[in-house]
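Letters A, B, ... mirror the listed sequences (proteins, then strands); counts begin at 1.
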Protein chains: 2
Amino acid sequence: MTNIKEIARRAGVSPSTASRALSGKGYVSEEKKRKVLAAAEEFDYAPNLNALSLKTGTTRRLGLVAPEFAESVSLFTGGFVRAAEEAGYTVTLFITGYDKSKELEALEALRRKQVDALVFVLFQSELPLIAPYVKYGPIVSWQRLVHERIPSVFMDQYDGYMLALEHLYAKGYRRICNVYGASTRLNTQSRIEAFADFCRKYGLDPGVCPSFQNMGDTEDGERLVHWWLENGRIPDAFATTNDRVAAGMVSEARRLGLRIPEDFAVCGFDNLDFAHMLDLTTIHYPVDEQAGNAFAIIRSQIEETDLPLKPLKFHLVERATT
Amino acid sequence: MTNIKEIARRAGVSPSTASRALSGKGYVSEEKKRKVLAAAEEFDYAPNLNALSLKTGTTRRLGLVAPEFAESVSLFTGGFVRAAEEAGYTVTLFITGYDKSKELEALEALRRKQVDALVFVLFQSELPLIAPYVKYGPIVSWQRLVHERIPSVFMDQYDGYMLALEHLYAKGYRRICNVYGASTRLNTQSRIEAFADFCRKYGLDPGVCPSFQNMGDTEDGERLVHWWLENGRIPDAFATTNDRVAAGMVSEARRLGLRIPEDFAVCGFDNLDFAHMLDLTTIHYPVDEQAGNAFAIIRSQIEETDLPLKPLKFHLVERATT
DNA sequence: TTGTACGCGTTATCAA
DNA sequence: TTGATAACGCGTACAA
C-alpha cells in the first residue's frame with residue numbers, strides 16, 4: 001500500500017532519511033526519526049519484501065522438495081521449517097509426486113531466485129541433471145548419496161539395522177528374515193552388509209531364511225504373513241524395511257489369529273507415530289535433527305560461516321512385538 | 001546471473017525487444033526473435049522472479065499457516081500444495097507451534113507482499129486481530145468459524161457424527177458414551193446437537209452414560225478404558241473425538257486383555273493412516289478436497305473469477321471395532 | 001517493427 | 001546529519 005516515499009513525504013524528509021530512520025542504520029536526528037516512525041505508524045507502512053529481494057539478490061526463503069507429504073517427510077519438513085524460521089528464513093514446499101519435471105520446477109525456482117537454496121528429500125532425476133544447479137545456490141539432500149557439491153544428511157543405516165539384529169539375537173531369535181527396501185538404494189546395501197557381519201560375528205548361517213527386496217508397503221507386510229504360513233513357518237523373526245511393512249505384518253497376523261511375538265517376532269524401522277499404537281518394537285532415528293543439520297549446512301553456505309552439526313544416533317525402542 | 005539487458009546486448013537488440021521475444025507478447029521479427037532466444041540459451045538466461053514480483057505486485061505464492069505438521073494437517077497441506085502447484089502457485093509454510101506471535105509473522109508476510117494469500121489451518125489468535133489483514137490479501141480458514149471476510153472450508157461435523165451414532169445404533173448399541181474434543185469448538189457443539197437429536201429420534205435416554213469433553217490424545221483414550229473398568233462397565237460403545245483417542249482405547253484394551261467389540265465398541269473419527277492398521281471403524285472425510293476448496297476460494301478471489309467448490313461428504317468406514 | 005524512458009520500492013553511495 | 005542519485009531486473013507506454 002503505502003511505500004517509503006509516501007512516508008518520507010508525510011514526515012517531511014527525503015526517502016533516504018526515512019529509510020535510515022526505519023532501518024536504524026546511519027545517522028538520523030532524533031526529531032526526524034520520531035516523525036518518520038510516527039508517519040510509518042499512522043499510514044500503516046510495511047516494507048515491501050520483493051523490492052528488498054530484488055535489491056539484495058536474496059530472499060531468505062528456502063525450498064523443500066519432496067515426492068509426497070506423509071509420515072517421516074512431514075516430520076522432516078516440520079523440523080526443517082522450525083529450524084529455518086528460528087533463523088529468520090521461510091520455507092517453500094515443492095511436491096513432486098515422483099515426477100521429474102516437478103523436480104525441475106523446483107530447480108528452476110532456485111535459478112530464478114525465488115529461493116536461496118534447496119533441500120531434496122529424495123531425488124527422482126539423475127544426479128548429473130541436478131548438480132549444475134548448485135551454481136545458483138546450495139543444494140542439500142536427505143537421501144543418501146555421494147557427491148562433491150551436494151552434501152547429504154543421511155544416517156548410515158548399517159548401525160541402525162545392526163541394532164535391530166543384535167536385539168533380535170539377544171531375545172533368542174536365530175532364524176531372522178530380512179525384509180529390505182528398494183534394492184537400488186545405498187541403505188539396502190548397508191543393511192545387507194550389516195547382516196553379513198552379524199552372521200559372521202555369531203556364526204550363523206545367512207542362508208537359513210530367504211531375504212526379500214523392494215518391500216515397503218503395508219500390503220507387502222500383509223503378504224509376508226501369508227508367505228510365512230505357506231512356507232513352513234521357518235523364520236522366527238522379521239527385520240523389516242520400515243514400520244509400514246512391520247505394521248502390515250502385525251495387523252494381518254492379528255486378523256489371522258497368530259500370536260506375536262510367540263509365532264514370530266517383528267522389528268520395524270523409523271518409529272513412526274503408529275508404531276506406538278501397535279506396540280511395535282522398532283528403530284528410532286532423529287529425523288528432526290537430520291532436518292536441523294540440513295538447515296545448518298545450508299545456512300553455513302549462505303552466510304559463509306561454519307555451523308556445527310549435531311551428531312546423530314539410532315536407538316532401539318523395545319515394545320511388544322519382539 | 002545474466003539479465004535481460006545482457007541478452008539484448010548479445011543479440012544486438014534493445015532490452016524491450018528482448019523482453020517481447022522472450023515473453024511472446026508484442027511484435028518481434030522472426031530473425032531477431034531467433035537471435036534473442038539463441039542468446040538466452042547460450043548465456044543461460046532466466047528471468048528474475050523478484051523483479052517480476054516487484055513490478056506486478058504479485059508473487060503467485062501462497063502461505064499456509066499450521067500449528068504443527070502431523071496427521072490430518074499434513075494431508076491438508078499435501079492437498080493444498082498439489083492444487084496450488086497445478087495452477088502455477090507455490091506454497092510457503094508457516095509453523096506456529098500454537099504461538100500467536102508466529103501467526104502474526106505469517107500475517108506480516110502477507111502485508112509485506114511475500115505471499116498473495118493465506119490459509120489458516122487453525123487460529124490461535126482472536127479473530128478481530130486477524131480480520132484487518134484481509135485488506136492485504138485473501139485469508140481462508142480450515143477451522144470452522146463464522147466471519148464476513150474470512151471464508152472457511154470446514155465440514156459441519158453434525159452429519160459425520162450422526163453417521164457414527166446411527167451406525168452404532170444399527171449394530172445394536174444403546175448405551176453410547178460421547179467423547180468430545182475441546183468444549184470451545186463449534187464442532188463439539190454440533191456433535192452435542194447431533195447426539196441430542198439422535199436420542200430424541202430413537203427415544204433414548206441421553207443421560208444413561210456420562211459424556212467427556214476436552215479429550216484428544218492417545219493417552220486420553222487409554223485413561224478412558226480404565227475409567228470404564230472402574231465404573232461399572234456401563235457404556236457398550238464409545239463415539240470418540242478422533243482416531244487418536246479411539247486408537248488409545250483399542251490398544252490399551254488389547255493390553256488389558258479386553259475384547260473389542262464384545263466388551264465395548266469404539267468408533268473413531270478422521271480415518272487417519274493408522275485407523276486401517278488398527279482395524280478401527282471410523283468416519284472418513286475428504287481432507288484433500290477441503291484443501292482443494294480452500295485453494296479454489298483463494299484463486300477465485302485473486303483472479304476475480306468464480307471457481308466451483310466440490311461438495312463434501314462424510315462416510316462411514318466400517319472395520320472391526322464395532 | 002523497434003528502441004527509449006520510466007516506474008515498481010528499496011537502500012547504498014556520495015556530495016553537500 | 002541530510003538528500004539527490006543510481007541501481008537491483010523487469011515490462012511496457014509511447015514515440016519513432
Side-chain angles (χ1 to χ4, degrees), chain A residues 1-37 39-40 43-61 88 108-116 136-137, chain B residues 1-40 43-61 108-116 136-137:
Chain A
M1 304 279 191
T2 47
N3 55 27
I4 200 170
K5 242 171 167 170
E6 173 86 7
I7 298 304
R9 206 165 52 75
R10 299 289 188 172
V13 301
S14 75
S16 36
T17 303
S19 171
R20 280 188 297 259
L22 289 163
S23 70
K25 300 198 144 204
Y27 301 102
V28 187
S29 69
E30 272 309 315
E31 192 202 333
K32 300 209 168 179
K33 187 167 187 173
R34 242 186 339 90
K35 273 191 182 166
V36 169
L37 294 181
F43 295 97
D44 188 35
Y45 170 74
N48 181 316
L49 287 180
N50 296 315
L52 223 74
S53 289
L54 176 59
K55 182 132 190 70
T56 63
T58 163
T59 60
R60 292 193 84 80
R61 207 179 304 123
E108 284 300 312
L110 178 63
R111 187 156 90 109
R112 302 182 60 173
K113 300 198 172 296
Q114 189 171 33
V115 295
D116 293 342
Y136 305 115
Chain B
M1 304 278 190
T2 48
N3 56 25
I4 201 170
K5 237 171 170 171
E6 173 87 5
I7 297 303
R9 205 165 53 74
R10 300 289 188 172
V13 301
S14 76
S16 49
T17 303
S19 171
R20 280 189 295 260
L22 289 164
S23 70
K25 299 199 144 206
Y27 302 102
V28 187
S29 70
E30 273 308 315
E31 192 203 332
K32 298 207 169 177
K33 186 167 187 172
R34 242 186 339 89
K35 272 190 182 165
V36 169
L37 294 180
F43 296 98
D44 188 35
Y45 170 73
N48 182 315
L49 287 179
N50 296 314
L52 220 74
S53 290
L54 177 59
K55 181 126 190 71
T56 63
T58 162
T59 60
R60 293 193 82 82
R61 208 179 303 125
E108 284 299 313
L110 178 63
R111 187 156 89 110
R112 302 182 60 172
K113 301 198 171 296
Q114 190 171 33
V115 295
D116 293 343
Y136 306 114

- Rounded to whole angstroms, how far apart are NZ on A:Lys113 and P on D:dC8? 13 Å
- Task: Mind checking the CD-OH spacing from B:Gln114 to B:Tyr136? Nearest 0.5 Å is all I need.
- Result: 15.5 Å
Donor-acceptor contacts, no H, no angles, side chain residues 27-35 of chain A, under 3.5 Å, sequence neighbours left out:
residue: A:Ser29; atom: OG; partner: A:Lys32; partner atom: N; Å: 3.4

- Are A:Tyr27 and D:dG3 close enough that a side-chain N or O sits under 4.0 Å from OP1 or OP2? no
- Item | Between the first and last five pairs of the helix from C:dT1-D:dA16 to C:dA16-D:dT1, the angle of the axes, rounded to 10 degrees | 50°
- Message: Just verifying a value: how many Å separate A:Leu54 CG and B:Asn48 CG, rounded to the nearest 0.5 Å?
- Response: 6.0 Å
- Note on the structure: Residue pairs meeting salt bridge (Lys or Arg N to Asp or Glu O under 4.0 Å), one or both in residues 3-12 of chain A, sequence neighbours left out, come to A:Glu6-A:Arg9, A:Glu6-A:Arg10
- Length of the line joining A:Lys5:NZ and D:dT5:P, which is rounded to integer Å: 12 Å
- Between the CD1 atom in A:Ile7 and the OG1 atom in A:Thr2, the distance rounded to the nearest 0.5 Å is 4.5 Å
- Task: Mind listing the residues from residues 28-39 of chain B sitting with a heavy atom below 4.0 Å of DNA chain D? Number order is fine.
- Result: none
- Item | Selection: residues 14-25 of chain B, any non-hydrogen atom under 4.0 Å of DNA chain C | B:Ser14, B:Ser16, B:Thr17, B:Arg20
- Message: Give the residues of residues 47-60 of chain A touching DNA chain D, defined as any heavy atom closer than 4.0 Å, sorted by residue number.
- Response: A:Leu54, A:Lys55
- Query: Minimum heavy-atom separation for B:Pro47 to A:Arg112, with atom names?
  - Reply: O-NE, 3.0 Å
- By side-chain contact (heavy atoms from CB on, under 4.5 Å), which residues pair with B:Ser23, not counting sequence neighbours? B:Lys25
- CD of B:Glu6 versus C1' of D:dC8: gap in Å, rounded? 15 Å
- Query: For A:Ser14, which residues count as a side-chain contact (heavy atoms from CB on, under 4.5 Å) partner, sequence neighbours excluded?
  - Reply: A:Ser16, A:Thr17
- Note on the structure: residues 49-60 of chain A vs side-chain hydrogen bond (donor to acceptor under 3.5 Å, both in side chains), sequence neighbours excluded, gives A:Thr58-A:Asp116, A:Thr59-A:Asp116
- By side-chain contact (heavy atoms from CB on, under 4.5 Å), A:Leu22 pairs with (sequence neighbours left out) A:Ile4, A:Val36, A:Leu37, A:Ala40, A:Tyr45
- Just how far, in rounded Å, is P of D:dT2 from CD1 of A:Ile4? 14 Å
- Hits for side-chain contact (heavy atoms from CB on, under 4.5 Å) against B:Ala38, two or more places apart or cross-chain, chain-then-number order -> none
- What is the distance from atom CG of A:Leu110 to atom CZ of A:Arg61, rounded to the nearest 0.5 Å? 12.0 Å
